[in-house]
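Read the structure below first, then the notes.
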Amino acid sequence: MADVVKQGTSQRDAPGGARFNLPGIFDPKNIIAVAVVACLGALIIPMPTFLLDTFISFNLVLSILVLLNVLFNRKPTDFSLFPTVLLVLTIFSLVLNVSSTRLILTQGANFDSRMIRAFSSFVVGSAGSEGLVVGFIIFIIIIAVQVMVITKGATRVAEVAARFTLDSLNGKQMAIDAEYSSGAIDREEATAKKDALQKESDYYGSMDGASKFISGNVKVGIFVIIVNIIAGIIVGVTIHGEPIAEAVSTYFTLTIGDGLVSQIPALLISTAMGIVVTRAASPGDLGEQVVLQFTHSARVYWIGAGVLFGMAILPGFPHFVLIPMSALFGFTALRIRRKHKKEADFKEVMGRVGESTRKARDEKVDVPQMEPPDQLSLELGFGLIPLVDKDKGAELLERMQAMRRQIALDMGIVIPKIRIIDNMLLGSSEYCFKIRGVDVGKSTIRMGHFLCINPGTAKEELPGEKTKDPAFGLPALWILEDRRDEAERAGYTVVDPPSIIATHLTEIIKRHASELLGRQETQSILDGIRKDYPAVVDEVLMGRDGKGLSLGNIQKVFQGLLKEQVSIRNVVSILESIADYAPLTTDTRFLIEKARQALSNQICHQYADENRVLHVMTLDPSLEQKIVDSKAQTQTGEIFSAMEPGLHSAWIRALGRSVQASHDHGYFPVILCSYQGRYLVKTAMERELPEVAVLSVAEIAQDYIVESIGVIALEAEK
């Protein structure tokens, strides 16, 4: 049976899934309608003074919010409700004006609206007839400015803007049709542009009409002021029996306060309207546009500073005001000139850095527009450009060349050339590494400073800005150049900015070496080996029975080794080991394990100390068995550990404690386990602790001694 919902309620979620209704009057769609009707009703129904004060305050705040919205909008049509809001606020202001007039005339000297009394006393200032006259003159000036300057000007600008917008509508629509006919834009883009154009035309047309409400509101406000003064004096003298001087003082004061609380919101709305219709040619945040256009030239500030200084030395002028202003203008001009010089230097330097790249791009006109991203790129902020400027030594370029050579020796892969790019979106002191367009590392460099790292032996504390080493995440300090010798004497490791970036890049490349090795790079490695070892390469690729490994299989073996920081420089041993087992299987995971065994001496040397001792952590047999039992396989044949969440969390906690203990003893964290479980153990921890090395018993070379520094076990099994 269908649920019956009573009228007059709106639905609301209940815990059981049922929905209940709130009174429809609280629906946001109905609040505006109720408020407008209530405003019209207030024209007839008297309003108590405390409620009048509330609405006057609300009217003032709404006017301020409208003005701020207009100032911070990026284009006029972002506030498309402005004409409607203007009309509603005008009606609201008129209702408050009528209500306050009714109360002033009926209560006279007993009128106790705090807002109106506060405004009147603030403008009148001093007491007595002098304050009343001066206050009334100031009030007349405010009204004159409102009528003859702001409202009249804003109305005229709105009228002209609406006329020109409507006159140009047909031409703009024809231009959109021409773009669509030529294929420059599709149907959806053409429709969107026409809709935006129509909205803009409707908006300025509405603004033209809405401006008339503002001018009418001002005129009515002046009429109400005159009524308040004349009728108030008549009512005060004839009905309330007040002396004429007292009646004049009372009603003049209240009229000033009432006029201000109605005209100030109207002044704010008129100003907002004028800003909206005059900003059509300069879309964007008003503050941003002011800064941009007032800092275009330093020359005008130099001239202004000179004029002010010249006026200051003339007799009779206030030099204590003009000289500081002249200095401020001169300082502003100097800042602008330095800013323009930096921008010019930036363009010049980046022009030299990217000259060869641009020439190559210009020569290859026939290259498709969709170009692949750079394999490896370094993006620099403006402040770091001197590090790659050849006129200033280009220290970073030399460090990066040396780093590429060292990685080729350590990892066995040739790193592609690193493209250096300026990025205006980065901070002035920021740099960013990207692999194929993807951000893989970012940090900040303090130019003119050195990075000071405590290797664990320094006891003295140095003053400086605390930070972290970007390459290894170690606590560090930024120190000034003149404190370098002091830090080195105290036992700290001091690194200059080029070395920081080069070291960070080295660690990133080691962690992502497998991503940099593609099929083309793999083919280049095989071509280089084929010159001296053709039999090995042919056997791997063609096989003994004509069924060898594909280039993709060999690439995956190389990538699997690089992913665990195993160098593939000894390519011959790797190829010979996989050639032995390729006739049996093409399982990449199996071939990687066999290649690791062939590189046992290399792997052990990588983690052993100078006495050829391997300090390892072993696994509790029951824990290792649980990891092996969690083995899972995807449809593509990949094997991984799929431990239960609770067991996995306990395993990571236990591993974290053991890794910390290994660090405390000064050893690199290495886990020794069985051949069957090595890869599963690695997959069970590579997301949380990728830096931990996992070796199998079959990978331990004969000349190395194994020393256990602890057993990894779950807490309940200790």
Side-chain angles (χ1 to χ4, degrees), residues 411-414 513-606 624 627-642 672-683 686 693-704:
M411 303 300 294
I413 60 172
V414 177
S514 60
E515 301 175 29
L516 296 172
L517 184 72
R519 278 176 166 76
Q520 189 61 50
E521 290 77 16
T522 304
Q523 184 65 57
S524 299
I525 293 174
L526 295 179
D527 292 341
I529 294 297
R530 188 190 294 273
K531 297 177 182 178
D532 297 323
Y533 301 92
V536 177
V537 177
D538 291 340
E539 183 177 355
V540 172
L541 291 175
M542 301 181 63
R544 298 169 187 170
D545 54 357
K547 297 180 180 180
L549 296 175
S550 67
L551 184 64
N553 292 133
I554 300 174
Q555 176 199 1
K556 288 183 174 61
V557 172
F558 288 166
Q559 286 179 329
L561 295 171
L562 291 171
K563 191 174 182 180
E564 297 192 44
Q565 305 290 305
V566 177
S567 172
I568 61 171
R569 187 181 178 190
N570 194 352
V571 182
V572 176
S573 297
I574 298 173
L575 295 179
E576 287 179 344
S577 66
I578 62 179
D580 292 337
Y581 296 96
L584 302 177
T585 180
T586 58
D587 180 22
T588 304
R589 180 48 46 197
F590 177 81
L591 296 177
I592 291 173
E593 297 301 319
K594 292 303 179 183
R596 289 179 62 92
Q597 294 174 21
L599 300 175
S600 58
N601 273 298
Q602 173 187 315
I603 294 175
C604 291
H605 177 74
Q606 185 175 349
E624 183 175 355
I627 296 176
V628 173
D629 292 341
S630 69
K631 173 181 176 182
Q633 188 171 5
T634 64
Q635 294 180 351
T636 59
E638 293 187 23
I639 299 173
F640 62 96
S641 173
L672 182 65
C673 60
S674 64
Y675 165 74
Q676 294 82 4
R678 195 207 72 83
Y679 181 67
L680 291 171
V681 171
K682 182 64 179 177
T683 60
E686 62 181 353
V694 182
L695 276 60
S696 70
V697 176
E699 296 170 12
I700 304 300
Q702 293 182 354
D703 298 337
Y704 288 85

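Positions are given from 1, in the same order as the sequence printed here.
With contacts defined as side-chain heavy-atom distances shorter than 4.5 Å, the pair Lys563/Glu686 qualifies. Using a 4.5 Å cut-off on side-chain heavy atoms (C-beta onward), Val536 and Val571 make no contact. In this structure, the side chains of Tyr581 and Leu591 come closer than 4.5 Å at one or more pairs of heavy atoms. Between Leu672 and Ile700, the closest side-chain pair of non-hydrogen atoms falls below 4.5 Å. Residues Gln602 and Val566 form a side-chain contact, since some pair of their non-hydrogen atoms from C-beta on lies under 4.5 Å apart. Side-chain contact check for Ile413 versus Glu521: every heavy-atom pair is 4.5 Å or farther apart. Using a 4.5 Å heavy-atom threshold, the side chains of Arg596 and Leu695 count as touching. You'll find the side chain of Ile525 reaches within 4.5 Å of the side chain of Leu517, heavy atoms only.
Side-chain polar atoms of Ser577 and Asp580 form no donor-acceptor pair below 3.5 angstrom. Between the side chains of Asn570 and Ser573, at least one donor N or O lies within less than 3.5 Å of an accepting N or O.
Contacts classified as ring pair (Phe, Tyr, Trp, His ring centres under 6.0 Å) and involving residues 548-580 (residues at least two apart or in different chains) are not found.
Using modelled atom types, one side-chain atom of Gln559 and one backbone atom of Ser514 make a donor-acceptor pair closer than 3.5 Å. With Asn553 contributing its side chain and Ser550 its backbone, the two residues share a donor-acceptor pair below 3.5 Å.
Taking CD from Gln597 and CD1 from Ile603, the interatomic distance works out to 9.0 Å, rounded to the nearest 0.5 Å.
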Begin with the C-alpha distance, continue with both residues' side-chain angles, and end with the deciding distance and a verdict on side-chain hydrogen bond (donor to acceptor under 3.5 Å, both in side chains) for Thr683 and Ser641. CA-CA 6 Å; Thr683 60; Ser641 173; 4.9 Å; no
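A salt bridge links Arg678 with Glu564: the distance from a Lys NZ or Arg NE/NH1/NH2 to an Asp or Glu carboxylate oxygen falls below 4.0 Å.
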